[in-house]
Amino acid sequence: MEHSAAELALSKSVLVAVVLAPLFGAILAGLFGRRIGRAGAHTVTILGVAVSCALSIYTLWQLAGQGAAPFNENLYTFFQVGGYEAHVGFMVDKLTAMMMVVVTFVSLLVHIYTIGYMHEDPGYQRFFSYISLFTFSMLMLVMSNNFLQLFFGWEAVGLVSYLLIGFWFKRPSAIFANLKAFLVNRVGDFGFLLGIAGVLMYFDTLDYATVFANASSTLPGLSIEIFSGRPWDVATVICICLFIGAMGKSAQVPLHVWLPDSMEGPTPISALIHAATMVTAGIFMVARMSPLFELSETALQFVLFIGATTAFFTGLIGIVQNDIKRVVAYSTLSQLGYMTVALGVSAYSAAVYHLMTHAFFKALLFLAAGSVIIGMHHEQDMRKMGGLRKYMPVTFWTSLIGTLALVGTPFFSGFYSKDTIIEAAKFNAQDGGWVATYGYWAVLLGAFVTSFYSFRLLYLTFFGEERFRHAEAHGHEAHDDHAHDGHAHDDHAHDAHDDHGHGHGPHVPHESPWVVTLPLILLAIPSIFVGLFTVGPMLFGTDMSGHHEQLPFFLGAIEVSAINDVMAALKAELWHGWWKFGLHGFMAPAFWLAFGGFALATLMYIVKPQLPAKFAAFPPFKLAARVLNNKYGMDDLWIGGFAGGGVLAGKVARKHDEVVIDGVIVNGSARIVDLFSGLLRKSQSGYLYHYAFAMILGLIACLAVLINFWR
């Protein structure tokens, strides 16, 4: 059956509804929360996000299944200044539609999960308003068709993230965490704003389509002297500035320090913002800007180096963490590094594909961690858990699925995306320099690290001795020490304490309610199967079997120069369908390194659980653990250097204001006027002979000057 042109066109009203439905729910829950109550707040926000999710899936189906043309249209003129017009508009192609589905689907499940997790919190309606507002902001970011609207969405998700990290604003650690996130992201956003300014300077427009169409004819050969006598390639400057923005938002070294501390917020936002959506905004942005990044090999090398460093070294920190949410947080940092490495080797499609698969299994792991926290009455220290699989079977099995996907087990969704990135980095290293080689070994060895800390988390939480019984033997001591290493428990923990019988008998872990476990099951399904069905069409332009050619999924959305097209090379060498690709994974070095991490974790935490203590006492490992626990000193650098330098600069400015501005200029000038006016006032005696004497002295002085002048 043939479709008419009208049937193949995306509906403007549908796209507007996708964006506005979550905003409508956020406004109702935020402004009228007391009137509509708790049930009303979660009903309107879930309904809004559900409508947005359904319409997003419909949009993706139209583009991918029905051959609809991409949508690019301005809907509203925001302002006009001189010859420049700022518009609100949408660019919706397959890249955008894929992001819309990921954002709204994960958000919908997090909304449902929140009913169970936050049911006792006094800020229930406010929380639903915030997460619905976040969904609106993220949709505005990914659907924008110009840099200005992109920046609006960029800052809006940052604002809502700030509000959610500090949601429990009476807790000092939460306030410190959201201020830290705010300050670090200001550094990244400053670079991002400079990049946008560079685009406007050289293209006289911020419209995506115009900039991308003219990039290859405008930027090559242009240079700018940032420092006198040292010309820089304009494309390199613009791309690096834009990527600095991505470093902040997507938590890349050294702008990564805010993300682990953001775990101070409620667990649902850890899944929504800091695993599946907001932190991937930088990855999406660089992929969207591929026509610009392809013009600068230097910028791509910079992206590759930063991504490789993040993938390996932040993953190492996860090995020594004992807070269950923080282990998953450092895993997120490492996986974002993998995506960035893919961007650096021009495998943009692999980066956004890993973004998609990672969103499912990492949101699953975060929500499963939240389920464990609920079951353990808001305990987060894994050393006080153990043996939970018989008490929380649904949480255990879904956690196992998420873990297998994360470590890249063949045939799981994470394998297809992660292994493709490793293979792309390997291919890039064959002809590249030391940065390319460094990038490959970082992501390859990262497979071992990821596997080790993932199974360590699984074993400490669900296997072995039921250590929570030892904690109970100390009465309320375990309850009061929820916040190991300084991380306070949730504000509503005391309510849960009463409801679950703290102080009235042993702490018996329990499975979470269905509003918590249902999202886990719904996330576990794509964590297993989404890779099987999508890897061929989305990465290699074939059907699942690999036998029938199709148009590249991201055709028109992502541009790669022929010399950098690593995905085409991988297709020719490795791709023969999802089944053979999975079988090939069993022979790849990444699988055996991951198996090594699994084996070591099994030995240390199941077979011989006394080994970790022995390793910790061994001087080289003790030193390494100290370095990792100190997070390579990066927190000290930011707090003592950047934040401390800002405080010092503020104190100097304050002292300058007091001494120079107030003391000398303002008060000093007043004192001088007062002094001269006092002298002048004393000279006005009222006696005639005083004035006559002054006139004679003045006349003598004038004569002296004249005589001296005429000589």
Side-chain angles (χ1 to χ4, degrees), residues 114 117-118 120-124 126-127 129-131 134 158-187 248 251 255-274 278 317 321-330 333 366 369-370 373-374 376-384 476-498 502 629-631 633-651 654:
T114 300
Y117 192 87
M118 300 290 288
E120 296 167 340
D121 197 279
Y124 189 85
R126 178 166 57 95
F127 188 83
S129 176
Y130 284 172
I131 58 176
F134 167 81
L159 169 65
V160 182
S161 174
Y162 169 83
L163 294 173
L164 284 166
I165 294 170
F167 180 78
W168 288 310
F169 52 83
K170 294 182 181 179
R171 184 195 302 173
S173 58
I175 297 302
F176 176 81
N178 73 351
L179 285 174
K180 187 176 183 182
F182 182 83
L183 288 174
V184 173
N185 274 278
R186 295 291 66 72
V187 177
L255 304 183
H256 68 287
V257 294
W258 66 272
L259 191 141
D261 285 344
S262 71
M263 298 303 108
E264 289 293 338
T267 298
I269 68 122
S270 300
L272 177 63
I273 296 180
H274 307 118
M278 191 195 83
I317 302 176
Q321 298 298 307
N322 295 308
D323 184 306
I324 188 170
K325 284 174 65 176
R326 294 215 161 209
V327 176
V328 186
Y330 279 104
L333 282 174
F366 262 120
I373 292 168
I374 294 172
M376 286 296 297
H377 312 292
H378 298 274
E379 176 61 72
Q380 295 183 201
D381 192 338
M382 296 185 297
R383 295 171 297 183
K384 298 177 183 178
H476 287 279
E477 180 182 346
H479 174 65
D480 295 334
D481 193 33
H482 284 172
H484 180 75
D485 292 335
H487 306 302
H489 58 73
D490 297 345
D491 281 356
H492 58 286
H494 291 289
D495 296 330
H497 162 88
D498 295 334
H502 281 242
N629 275 311
N630 197 38
K631 305 163 192 172
M634 293 299 294
D635 274 355
D636 296 334
L637 178 65
W638 274 98
I639 296 170
F642 181 72
V647 171
L648 178 61
K651 289 180 178 179
R654 180 178 175 182

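Positions are given from 1 along the sequence.
- Atom CG in L164 sits 9.0 Å away from atom CZ in R126 (nearest 0.5 Å).
- Closest heavy-atom contact between L259 and A329: CD2-O, 3.6 Å.
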Exercise for review: Take D323 and D381 through the side chain to side chain contact (heavy atoms under 4.5 Å, CB included) test and state the conclusion after the steps.
Suggested key: CA-CA 5 Å; D323 184 306; D381 192 338; over 6 Å; no
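- W258 places a side-chain N or O within donor-acceptor distance of the main-chain N or O of G248, the cut-off being under 3.5 Å.
- With sequence neighbours left out, Y162 forms a side chain to side chain contact (heavy atoms under 4.5 Å, CB included) with N178, L179, F182.
- I175 CD1 to I165 CD1: the interatomic distance, rounded to the nearest 0.5 Å, is 10.5 Å.
- Taken from OG in S173 to NZ in K180, the straight-line distance is 12.0 Å, to the nearest 0.5 Å.
- Residues P266 and M118 approach most closely at CB-SD, 3.9 Å, considering heavy atoms.
- The backbone N or O of G265 sits nowhere less than 3.5 Å from a side-chain atom of R171 that would complete a donor-acceptor pair.
- In this structure the side chain of P260 reaches within 4.5 angstrom of the side chain of L333, judged on heavy atoms.
- Expressed to the nearest 0.5 Å, how far OH of Y117 lies from CD1 of I374 amounts to 6.0 Å.
- For N630, the side chain to side chain contact (heavy atoms under 4.5 Å, CB included) test picks out D636, with sequence neighbours left out.
- Take F127 and apply the ring-ring contact (aromatic ring centres under 6.0 Å, His included) test, not counting sequence neighbours, and it matches F167.
- Here the CD1-CE distance, from I324 to M382, works out to 6.5 Å after rounding to the nearest 0.5 Å.
- K325 places a side-chain N or O within donor-acceptor distance of the main-chain N or O of M263, the cut-off being under 3.5 Å.
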Practice item. Could you check W168 against D121 for side chain to side chain contact (heavy atoms under 4.5 Å, CB included), going step by step and ending with a plain yes or no? Key: CA-CA 10 Å; W168 288 310; D121 197 279; 2.7 Å; yes
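- Residues A251 and H256 come closest through the heavy atom pair O-CB, 3.4 Å.
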